[in-house]
Amino acid sequence: GVQDVCSSDLPTADGLNIIGPAGTTVSLNVPAELAGIEKEAIFQKSASAAAKVYKAFLQNASLSQEARQAAEKRLAHWKSLAAENKVRLGNSWVTPAEFAAIDRQVEKMIQHCRTLLQLGNRKLAEQELREASQLNPESGKADFLLGFVWSYVADNDAKGVEHFTEAVRREPENGFAYSNLAVCEVFSGKSDLVVQHFRKALELLPDRQTVRSEEHTSELQSQFRISY
């Protein structure tokens, strides 16, 4: 089943709060000496990778007894998840089969939203896309489409920036998301990171056109009727 990042068998807590993999606050219930390594562990894609983080950490001969005992307990925790091949889903850990089932569900929701948009029902599409985004915090697909809806369809580039930013946070190798983010930043006047984001898009998409043209914009807008 699904297991939260912070489980009940953790050692004595300091209650350090950080922004977790899902972009929401999580509490690192470990001694302060382990805070950095626990943060590194929970951002790994798999429990086996998280266990390797702790194995490497325990090679440090200068660890205090308290830190070593706490780290060994955390290593046992990650090993137990790794034994089930668990992978990260936002701030939780699930089996590959559970992850695949959620991914399939999200994909169906996104395809349904495309149909809703073509039928002109933007409000229902937005609602379902938000639900899809929450269902799989690892995927940037729903937020990418939300960014498209707001920027290309509703002509609200500020909201487009919001969703394309989330898309690149989740999928930092998605050059198309960086390209659209940068364009939305240009049109919305949020220019601080435009150059950086265009450069990242060009780095990830060296052989592709990364700037939308007016003709392309009109073509995309014509595919969807706006319904309020």
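Numbering of residues begins at 1 and proceeds along the displayed sequence.
Within 6.0 Å of atom NZ in K159, more than 12 heavy atoms from other residues, nucleotides or ligands are found, so the atom counts as buried in its surroundings.
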Pair L63-F57, side chain to side chain contact (heavy atoms under 4.5 Å, CB included): steps then yes or no
CA-CA 9 Å; L63 290 177; F57 179 73; 3.4 Å; yes
Intermediate values then yes/no, side chain to side chain donor-acceptor pair (under 3.5 Å), T25 and N17
CA-CA 6 Å; T25 301; N17 294 325; over 6 Å; no
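A ring pair (Phe, Tyr, Trp, His ring centres under 6.0 Å) with F164 is found for one member of F144, F148, F187 and no other, namely F144.
Contacts of E72 classified as side chain to side chain contact (heavy atoms under 4.5 Å, CB included), with partners at least two apart in sequence or in another chain: L58, R68. Evaluation of the side chain to side chain donor-acceptor pair (under 3.5 Å) rule for Q65 yields no partner, not counting sequence neighbours. With sequence neighbours left out, the side chain to side chain donor-acceptor pair (under 3.5 Å) criterion links T115 to no other residue. A search for salt bridge (charged side-chain N to carboxylate O under 4.0 Å, His left out) contacts involving E126 returns R122, not counting sequence neighbours. For the salt bridge (charged side-chain N to carboxylate O under 4.0 Å, His left out) test, no residue two or more places apart in sequence or in another chain qualifies with E171. Here E131 pairs with nothing under the salt bridge (charged side-chain N to carboxylate O under 4.0 Å, His left out) rule; sequence neighbours left out. Contacts of L135 classified as side chain to side chain contact (heavy atoms under 4.5 Å, CB included), with partners at least two apart in sequence or in another chain: I102, Q105, V106, M109. Considering only residues two or more places apart in sequence or on other chains, K45 meets the salt bridge (charged side-chain N to carboxylate O under 4.0 Å, His left out) condition with E138. Residues forming a side chain to side chain contact (heavy atoms under 4.5 Å, CB included) with V161 (at least two apart in sequence, or on another chain): T165, L181, C184, E185, S188, K190. Shown here are the side chain to side chain donor-acceptor pair (under 3.5 Å) partners of K200, two or more places apart in sequence or in another chain: there are none.
The two residues C113 and L129 have their closest heavy-atom pair at SG-CG, 3.6 Å. What you find for S48 and S46 is that their closest heavy atoms are OG-OG, 3.0 Å. The nearest pair of heavy atoms linking F43 to G20 is CZ-C, 3.6 Å. Looking at every heavy atom in both residues, P21 comes nearest to I42 through CG-O, 3.3 Å. Across all non-hydrogen atoms, the minimal contact from A177 to V168 is CB-CG1, 3.5 Å. The two residues K86 and W93 come nearest to each other via the heavy atoms CD-O, 3.7 Å.
Residue pairs meeting the side-chain hydrogen bond (donor to acceptor under 3.5 Å, both in side chains) criterion with at least one partner in residues 51-61, sequence neighbours excluded, are E38-Y54, N60-S62.
The shortest side-chain heavy-atom distance between N136 and D103 falls under the 4.5 Å cut-off. Counting heavy atoms from C-beta outward, F176 and L204 have side chains that stay 4.5 Å or more apart. In this structure, V53 and W78 have side chains that are not in contact, with every pair of non-hydrogen atoms separated by 4.5 Å or more.
Distance check: I18 CD1 to T24 OG1 gives 10.0 Å after rounding to the nearest 0.5 Å. Put simply, CZ on R130 and CG on D143 are 8.5 Å apart, with the number rounded to the nearest 0.5 Å. Taking CG of N174 as the start and OG of S139 as the end, the distance is 9.5 Å to the nearest 0.5 Å. Rounding to the nearest 0.5 Å places CG of L34 at 11.5 Å from CD of Q69. Taking CD1 of I37 as the start and NZ of K39 as the end, the distance is 12.0 Å to the nearest 0.5 Å. Distance check: N180 CG to D157 CG gives 10.0 Å after rounding to the nearest 0.5 Å.
A donor-acceptor pair under 3.5 Å is absent between the side-chain atoms of Q127 and the main chain of K123, judged by distance alone. In this structure, the side chain of E98 engages the main chain of T95 through a donor-acceptor pair within 3.5 Å.
Side-chain contacts under 4.5 Å among hydrophobic residues (ILVMFWY), followed directly or transitively, place I19 with no other residue at all.
Note: the hydrophobic cluster containing L116 does not contain L145 (ILVMFWY, side chain heavy atoms under 4.5 Å, direct or indirect links).
In this structure, a donor-acceptor pair under 3.5 Å is present between the side chains of Q111 and E107.
Ion pair E166/R170 flagged as a salt bridge, since at least one NZ, NE, NH1 or NH2 atom sits closer than 4.0 Å to an Asp/Glu carboxylate oxygen.
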